[in-house]
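Below is one structure, written out as structure tokens; comments come after it.
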2 protein chains.
Amino acid sequence: MPVTVLLVDDEPLVRAGLRAVLEAQPDIEVVGEAADGAAVIPLVRRLRPDVVAMDVRMPLLDGIEATRALLRTVDAPPKILVVTTFENDEYVYGALRAGADGFLLKRARPAEIVHAVRLVAEGESLLFPASVRRLAAEYGEEGGNRAARAVLERARLTEREGEVLRLMARGLTNAEIAARLVVGTETVKSHVSAVLAKLGARDRTQAVIAAYESGFVAPG
Amino acid sequence: MPVTVLLVDDEPLVRAGLRAVLEAQPDIEVVGEAADGAAVIPLVRRLRPDVVAMDVRMPLLDGIEATRALLRTVDAPPKILVVTTFENDEYVYGALRAGADGFLLKRARPAEIVHAVRLVAEGESLLFPASVRRLAAEYGEEGGNRAARAVLERARLTEREGEVLRLMARGLTNAEIAARLVVGTETVKSHVSAVLAKLGARDRTQAVIAAYESGFVAPG
DNA sequence: GACCCGCTCCCCCGCGCGGGGGAGGCGGGT
DNA sequence: ACCCGCCTCCCCCGCGCGGGGGAGCGGGTC
């Protein structure tokens, strides 16, 4: 049985492109399209797709709200793949926080798009696509922490949030981080929440994974 | 002010060796020695060392019990560095679980020993020394998961525990892991607890860090 | 047969974590 | 003067996590 996909994007051109790429696969079937977030829920109820490829910026109901509504009102909801133009879109992080399973850049190569759909359909999350992982490599070994800085910028982490993430990635608890930074635990909690939101992580474990996968911290 | 160290080992030779290595450093001072775990607590109360270098296998009171007792009865307890002969010693994991801050191989080079003492004195934990981290490199890139298998063996993780750790390192919750493995959440909790104990990790975040640091899972 | 071990599932319990709010100070930018 | 981003701290709340037990079962060893 093929993977069924519902396309949600306000630009017909993008929908057509995604459809062309996905329909070229024998095991992927596009079962419907929607032009805005408001139309998604009834369509999902009727078509029951495995995956919804959802734009973030849309009229009426944006991708974040649509994702939230979908997960709240539909039982056995489909996997949600957030489609965006910018790697740096805060809306993406909002959508991931709302429960989306991964994100996908519009300028990704067809093979990557297909791969992303298959992955989320299998239940994998795709928070840190290859493009992000390659950062460290791009900057080279001798870049020192230039790659880390780049990731910082992409995720728009503040300096303090970066410090907190680094300590999280050393296995410290909030209380220990607070002691280390000589601030209150509530302050650390604020920073941690900000880091989770910006990285699209659900908990500190996923944030640490993100730190390793992005090259923000390196093993050894 | 120098880092003060208390040596606890039943073998005088080992104590002498550690003392020679550490005293060679201007910023490290060995303030006392003990031959078994039972003598540790009163000595710590009197000498108030920054670091206790503690053997695991000792008569009367072993390193695990001594660590536990120390942390329970002494306020502002010193950092505890577990000293062992075998990388594979389950006692080590027990000691780490009991609250020790790091472990150290007796066959480590002097520079490594000094480094370890300074690190734990600064409040860093040292769960995964360089010797373990180098595993992946030893086995080479084309080793595939041979390095991972080696780590598995060293930590004595069972096959199932290895699967669970791998899923933890993908950011899954216990419930999600349970669904993936088609078992109950209580079962997963058992495996997770076993993994934490064997890796000397305090929580799943530290376990994931261990997985990355040891090469059990690799970024990218 | 007795034994150990790995996998499975169950109980109770405390606590750290993370969500969702808000709020004040402080420096920089227009 | 104004706003805004950052850092700091506070509240309440639910839940997942991890610790501490125990227990049954199959498969291997001795």
Side-chain angles (χ1 to χ4, degrees), chain A residues 64-65 67-68 71-72 88 90 93-99 152-153 155-169 171-210, chain B residues 64 68 71-72 90 93-94 96-99 152-153 155-169 171-210:
Chain A
I64 302 175
E65 290 305 323
T67 298
R68 214 187 304 272
L71 295 179
R72 202 176 48 227
N88 227 348
E90 296 111 341
Y93 302 120
L96 293 172
R97 293 296 302 148
L152 260 179
E153 287 162 18
R156 297 184 191 282
L157 289 188
T158 68
E159 191 180 346
R160 204 56 159 171
E161 288 160 1
E163 289 184 71
V164 170
L165 176 56
R166 226 177 285 274
L167 294 173
M168 278 195 270
L172 305 196
T173 63
N174 288 339
E176 289 169 342
I177 295 173
R180 190 72 66 94
L181 298 182
V182 200
V183 296
T185 58
E186 296 300 326
T187 302
V188 174
K189 286 180 64 178
S190 294
H191 292 314
V192 169
S193 291
V195 169
L196 298 185
K198 290 183 178 179
L199 294 181
R202 189 171 47 191
D203 48 48
R204 67 201 299 110
T205 305
Q206 287 195 351
V208 169
I209 293 170
Chain B
I64 301 175
R68 214 187 305 271
L71 295 179
R72 202 176 48 227
E90 296 110 341
Y93 303 119
L96 293 173
R97 293 296 301 150
L152 258 181
E153 287 161 19
R156 297 186 192 282
L157 290 188
T158 68
E159 191 181 345
R160 204 54 158 172
E161 289 159 1
E163 291 184 69
V164 170
L165 176 56
R166 226 177 286 273
L167 293 174
M168 277 194 269
L172 304 197
T173 63
N174 289 338
E176 288 168 344
I177 295 173
R180 190 71 65 94
L181 299 181
V182 200
V183 296
T185 57
E186 297 299 327
T187 303
V188 174
K189 284 179 64 178
S190 294
H191 292 313
V192 169
S193 291
V195 169
L196 297 185
K198 289 182 178 180
L199 294 181
R202 189 171 48 191
D203 48 47
R204 67 203 296 113
T205 304
Q206 287 195 350
V208 169
I209 293 170

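Only a predicted model underlies this, so the values are computations on that prediction, with no experimental measurement involved. Chain A is the first sequence line, chain B the second, and so forth, proteins listed ahead of strands; every chain is numbered from 1.
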Side chain of A/Leu196: nearest nucleotide among C/dG18, D/dC17, C/dC17? C/dG18
Sequence neighbours excluded, the answer for salt bridge (charged side-chain N to carboxylate O under 4.0 Å, His left out) partners of B/Glu186 is none
A/Ala179: what forms a side-chain contact (heavy atoms from CB on, under 4.5 Å) with it, not counting sequence neighbours? none
Whole-Å distance separating the NZ atom of B/Lys189 from the P atom of D/dG22: 16 Å
In whole angstrom, give the distance that lies between atom CG of A/Asp203 and atom C1' of C/dC15. 16 Å
Applying side-chain contact (heavy atoms from CB on, under 4.5 Å), name anything that partners A/Ala194, two or more places apart in sequence or on another chain. A/Glu161
So which protein nitrogen or oxygen atoms get under 3.5 Å of nucleotides 7-10 of chain C's nitrogens or oxygens?
| residue | atom | partner | partner atom | Å |
| --- | --- | --- | --- | --- |
| C/dC7 | OP1 | B/Arg160 | N | 3.2 |
| C/dC7 | OP2 | B/Thr158 | OG1 | 2.4 |
| C/dT8 | OP1 | B/Arg160 | NE | 3.3 |
| C/dT8 | OP1 | B/Arg160 | NH2 | 2.8 |
| C/dT8 | OP2 | B/Arg160 | NE | 3.0 |
| C/dT8 | OP2 | B/His191 | NE2 | 2.8 |
| C/dC9 | OP2 | B/Gly184 | N | 2.5 |
| C/dC9 | OP2 | B/Thr187 | OG1 | 2.5 |
| C/dC9 | O5' | B/Thr187 | OG1 | 3.3 |
| C/dC9 | N4 | B/Ser190 | OG | 2.8 |

Grab the CD1-P distance between A/Ile177 and C/dG16 for me, whole Å please. 14 Å
With sequence neighbours left out, the residues meeting side-chain contact (heavy atoms from CB on, under 4.5 Å) with B/Thr187 are B/Val183, B/His191
Between B/Gln206 (CD) and D/dC17 (C1'), how many Å, whole number? 14 Å
Inter-residue atom distance A/Met168.CE - B/Ile209.CD1, 0.5 Å rounding: 10.5 Å
Which residues satisfy the salt bridge (charged side-chain N to carboxylate O under 4.0 Å, His left out) test with A/Glu176, sequence neighbours excluded? B/Arg202
Return the value, rounded to whole Å, for the distance between atom CZ of B/Arg204 and atom P of C/dG16. 17 Å
Atom-to-atom span, CD of A/Glu163 to C1' of D/dT8 - whole angstrom: 14 Å
Ignoring backbone atoms, test whether B/Asn174 places a side-chain nitrogen or oxygen under 4.0 Å from the OP1 or OP2 oxygen of D/dC17. yes
